[in-house]
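Structure first, commentary second.
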2 protein chains.
Amino acid sequence: MSEQRPGVELLWGEPKRPSRGPRPGLSLDLIVGEAIAIADAEGVGGVTMPALARRLGAGTMSLYRYVPGKDDLISLMIETATGDAPDLDVAAGWRPAITAWAHATRTILLAHPWMLDVVTSPRVMGPRELGWLEAGLEALAALPLAPMPRFDLTLLVNGYVRGVALEQVHGEEVARQGPFFTPELLTEHGRAADFPRLMEVMETFPFTEAPSAGEDARFAFGLERLLDGIETHLGDTTV
Amino acid sequence: MSEQRPGVELLWGEPKRPSRGPRPGLSLDLIVGEAIAIADAEGVGGVTMPALARRLGAGTMSLYRYVPGKDDLISLMIETATGDAPDLDVAAGWRPAITAWAHATRTILLAHPWMLDVVTSPRVMGPRELGWLEAGLEALAALPLAPMPRFDLTLLVNGYVRGVALEQVHGEEVARQGPFFTPELLTEHGRAADFPRLMEVMETFPFTEAPSAGEDARFAFGLERLLDGIETHLGDTTV
DNA sequence: CCCTACTGCGTATGAGATACGCAGTGAAGC
DNA sequence: GCTTCACTGCGTATCTCATACGCAGTAGGG
C-alpha cells in the first residue's frame, strides 16, 4: 500500500525462497549473526561491509544480494539481537510484570551495548521489537488507565532503562580506556576548587575500574523508586 | 603527566595565542559554533569537515590548524553546546534543586538533539560538562548520603533525563519521517492479532504527528515519580 | 537442452577523514 | 630594515567505506 523501503519486507515479510538459479552460499541469518558478533566484540563501528564479508569468506558485494543496504542490516541486527519478548506473568500483578520486563530489557541492552548507539535513529521496527512494546503494555494492562497513558508509562519505564544502561555502558567503556577525569586533571589545571563535590567523590572512589558491582543495585533501586512513585500517583488520583 | 590526547588541552588548557606568523583567519569558537549550527539543523551526520569548511569559506584542511581531528571537534561541540551549569538555589531544598537541574539538562538536550547521538561514546569531558555534574551533586548535597551514593543518585536522575529525552526526540524524528509502524502494516502482514494492546493504542492515537504536546508533562510526571520514590526510600531508611 | 532467474563478485565511483608538504606571512631579533 | 622561522592557508594524495553496475557462471522449468 505504501511505498515502503525495501527493508521493511525483510523485517515483516515471509522469507522468500527463489526456485531458479544457483543455491545461495550465504543466508540472511548467517550474515546478521556474524554482524552481531562483530558489533558485540568491537561495537557498531567495526561492522563494515568489507569486514563482514571477509569474516564470511565472501566478496563484499555478495552481501548486497541478501541485504538492500547497510541500514537494513542494522535494522535486522537490532531485530535479531532483541530476541523475543519475555513471557510475563501478568497474573502476579503489574508491578512484578513491568519489573521483569524492565530487567529483561536491560539484560538485552547490556549484552549488546552497541544497541544503545543505534536505536537512536528512527528506523523500522520489526515484529520482535514491537513484541517487547506489546509486552510492556500487557504488563500494565491491569492498571486503570486509558491506552495512551499506559503507552506513556511504558515509554517512561523504557526511557529509564535505556538511560541508566547508557550511563553504565558509558562508564564501563570509560573505565576500559582510562578514567575520563581524575583529580590530577583538575589539579593540574588549577580547577580543583571549582569542583569540590566531585573531588569528594573521586577521593572516595577512584574511577580506575568499572563500578559495575553496584550497577545492578543502582538500576534496581531507581526502578523501584520510579514504580513507587507511579504507584503512589495512581493511588492518589485513582485514575 | 599523562599522555593525554591532544584534544584534552583544547578543553582544559588556556587558549594559547601564538605571537609569530600570520593572524589566523578563523577561530576555534567560530568553527565550533558553525559546527553546532549544522548539527542543530541537520544532525551530526551533516557535520563533515568539507561541509564545515565550505560554510566558513575556508579550505577543508584549514580546519586542522585549529582542531586535531574530528573527534576533538565533537568534544568541543558538546562542551560548548552544554553551556554553563545553572545556578541552583540549594537553600530551597534538594528536591526543587535537582528538579531544576533535571529540567535544565532536558532543555539543553532538546535544543541540541544531536547530543543524544554523540554523548554515547566515551570521551573527555570538559569543564562545563563536569560543572553540570558538580551542580547535580551540589543539589543533593543536603541529603544525608555518602559521596558515592550521592553520585549514584545524580547519575540516576541524569540517566532518566537522557532516556526520556531520547524517547521524545526519537518519536519526533519518526513523526517527521512518517510513522514507524501503522495498523495497516500489522494488518497487511496478518499480525494485527499478535499486538492487541498496540492496536488499541494506535486506534486512540495515530502516530502521524509528534506527541510533543504531552512530552513535557510526561517528563515532569516521571521525574516527580522518581523523586517521590527517592524521598520515600530516604525516609524509610533514614540513611 | 536451453532459457533466464538467480548467484558471486570484480571494478568503479564518490564521500569523507586526514597525512604531507609547499608557499606565503609577519613579529622577533639582529 | 632585513632575515628568520613559527605560523597560516590549503592543494593534493591516500585510505576506508558504501554502493551502483555489469559480467560470467549456475541450474530449475519448459
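Below, chains carry the letters A, B, ... as their sequence lines are ordered, and counting in each starts from 1. The model shown is predicted, which means the values in this text are computed figures rather than measured ones.
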Open item on the list: Quick one, B:Pro127 and A:Arg191 - any side-chain contact, counting heavy atoms below 4.5 Å?
Closed with: yes
TODO: May I have the distance from B:Ile74 (atom CD1) to C:dA17 (atom C1'), rounded to whole angstrom?
DONE: 12 Å
- [ ] Mind calculating the distance between CG (A:Asp71) and C1' (D:dT19) to the nearest angstrom?
- [x] 12 Å
Task: Check: A:Tyr66 side chain, A:Ile31 main-chain N or O, donor-acceptor pair, under 3.5 Å - done: no
TODO: Answer whether the closest heavy-atom distance between the side chains of B:Asp194 and A:Glu134 falls below 4.5 Å.
DONE: no
Open item on the list: What's the separation between atom CE in B:Met77 and atom OG1 in B:Thr82, rounded to the nearest 0.5 Å?
Closed with: 11.0 Å
Task: CG on B:Leu63 to CE on B:Met49, rounded to 0.5 Å - done: 5.0 Å
TODO: Provide the closest heavy-atom pair for B:Gly69 versus B:Tyr64 in the form atom of the first, atom of the second, distance.
DONE: CA-CE2, 4.1 Å
- [ ] Please confirm whether the backbone N or O of B:Arg128 pairs with a side-chain atom of B:Glu79, one donor and one acceptor, at under 3.5 Å?
- [x] yes
Open item on the list: I'd like to know if the side chain of B:Tyr160 reaches the main chain of B:Phe219, judged simply by a donor and an acceptor atom lying under 3.5 Å from each other, with no hydrogens or angles considered.
Closed with: yes
Open item on the list: Distance check needed: D:dC15 C1' versus B:Met49 CE, whole Å only.
Closed with: 16 Å
Task: Neighbours of DNA chain C within residues 56-66 of chain B, by heavy-atom distance under 4.0 Å - done: B:Thr60, B:Met61, B:Tyr64, B:Arg65
Open item on the list: I need the residues from residues 20-43 of chain B with at least one non-hydrogen atom less than 4.0 Å from DNA chain C; give them sorted by number, or say none.
Closed with: B:Arg20, B:Gly21, B:Pro22
